[in-house]
Amino acid sequence: KTLKSQDSCTMHSLEKSSPRSIEWSINFLINILDSLTLTSNNLLSSLKSTPMKNESQFNKWLTKQFYEKYNRHITVQRIETSTGNGIPDLLILTQDTTWLIESKFETTRVRPDQKAWQIKANAIPSDAVVVTLSAYPKTKRLVVQQFGITTVDTREFVLDNEGFNEFINYFHSSKLA
């Protein structure tokens, strides 16, 4: 009610005002709106550039990246730790690939059961990509490890949208080879 009465008072006083004072009022309101827009844009920018601080935030970032890359035509499931030893953290199904991702934050160290699970899974010929992804926000690195029976393939990408796309493209091109 207060806002409505203030609005009607403002409109009533504007109706009685001279064209010059109306122009001043409009310019004043435009300046306020511009200021609010700049403030909200700065706030959004700072939220986007806020570095992730833990594995949970990294998982949310990964999920968002996958949804954007595949135009939301995917299913993402966080796998509970009670499922079994060594099972990766995320299951992501896209139209052409099954991703099983063990996520790490500021470390590439995996437990022996996690490594064993990935070796077994990678030994099966399939469309699945089974990897460990490690986020290093301070140095903006996305480290990818893929465990084989006798080797560990390690690659690094930039921890941003472009680096994520390069990561996806790398695995798609290696599947075709």
Is there a path from Leu159 to Tyr67 through hydrophobic residues (I, L, V, M, F, W, Y) whose side chains come within less than 4.5 Å of each other? yes
Taking Thr154 for its side chain and Gln145 for its backbone only, find out whether a donor-acceptor pair lies under 3.5 Å. no
Using side-chain contact (heavy atoms from CB on, under 4.5 Å), reason through Ile74 and Leu93 one step at a time and then give a plain yes or no. CA-CA 6 Å; Ile74 67 167; Leu93 302 173; over 6 Å; no
We want to know whether Asn59 and Ser103 form a side-chain donor-acceptor pair, criterion being a heavy-atom distance below 3.5 angstrom. yes
Are there over 12 heavy-atom neighbours, none belonging to Lys69, within less than 6.0 Å of that residue's NZ? yes
Give a yes or no answer on whether the side chain of Thr97 reaches the backbone of Trp99 with a donor-acceptor pair at less than 3.5 Å. no
List the atom of Met52, the atom of Phe105, and the distance in Å for their closest heavy-atom pair. O-CZ, 3.4 Å
Assess, by modelled atom type and distance only, whether the side chains of Gln114 and Lys104 contain a donor and an acceptor separated by less than 3.5 Å. yes
Give a yes or no on whether Leu142 and Ile92 share a hydrophobic cluster (residues Ile, Leu, Val, Met, Phe, Trp, Tyr; joining criterion: side-chain heavy atoms under 4.5 Å apart). yes
Roughly how far, to the nearest 0.5 Å, is the CD atom of Gln146 from the CG atom of Asn122? 4.5 Å
Just one of Val76, Ile101, Leu100 clears the side chain to side chain contact (heavy atoms under 4.5 Å, CB included) bar with Leu91, so which one? Leu100
Ring geometry between Phe157 and Tyr170 (parallel below 30°, tilted from 30 to 60°, perpendicular above 60°): tilted
For a 4.5 angstrom cut-off between non-hydrogen side-chain atoms, does Gln57 reach Pro137? no
Linking I/L/V/M/F/W/Y whenever their side-chain heavy atoms sit closer than 4.5 Å, directly or via other members, would Val144 and Ile119 fall into one cluster? no
Could you grab the distance from atom OH of Tyr70 to atom CD1 of Ile168, nearest 0.5 Å is fine? 4.5 Å
Evaluate the side-chain proximity of Asp96 to His172: yes if any heavy-atom separation is below 4.5 Å, no if none is. yes
With heavy-atom distances below 4.5 Å as the criterion, would you say the side chains of Gln77 and Leu90 are in contact? no
Heavy-atom side-chain proximity of Glu106 to Lys138 below 4.5 angstrom: yes
Note, Leu133 side chain near Leu62 side chain (heavy atom, < 4.5 Å): yes
Can you tell me how far CD of Gln65 sits from CZ of Phe58, rounded to the nearest 0.5 angstrom? 10.0 Å
Under the ring-ring contact (aromatic ring centres under 6.0 Å, His included) criterion, do Phe147 and Trp117 qualify, and how do the steps go? CA-CA 9 Å; Phe147 293 92; Trp117 198 97; over 10 Å; no
Run the salt-bridge test on Asp89 and Arg78 with the 4.0 Å N-O cut-off and return the result as yes or no. yes
Could you measure the distance from the OG atom of Ser134 to the CD atom of Glu55? Nearest 0.5 Å is fine. 9.0 Å
Side chain of Asn71, backbone of His73: donor and acceptor closer than 3.5 Å? no
Please report the closest heavy-atom contact between Ile149 and Ala123, naming both atoms and the distance. CD1-CB, 4.5 Å
With distance as the sole criterion, is a donor-acceptor pair present between the side chains of Arg141 and Thr139 under 3.5 Å? yes
Shared-cluster residues of Tyr136, by chain and number - hydrophobic side chains joined below 4.5 Å: Val143
Evaluate the ring planes of Phe167 and Phe164, with Trp represented by its six-membered ring, and classify them as parallel (under 30°), tilted (30 to 60°) or perpendicular (over 60°). tilted
In terms of heavy-atom contacts, does CD of Glu162 have more than 12 from other residues, nucleotides or ligands at under 6.0 Å? no
Using 4.0 Å as the upper bound for N to carboxylate O, is an ion pair formed by Arg155 and Asp153? yes
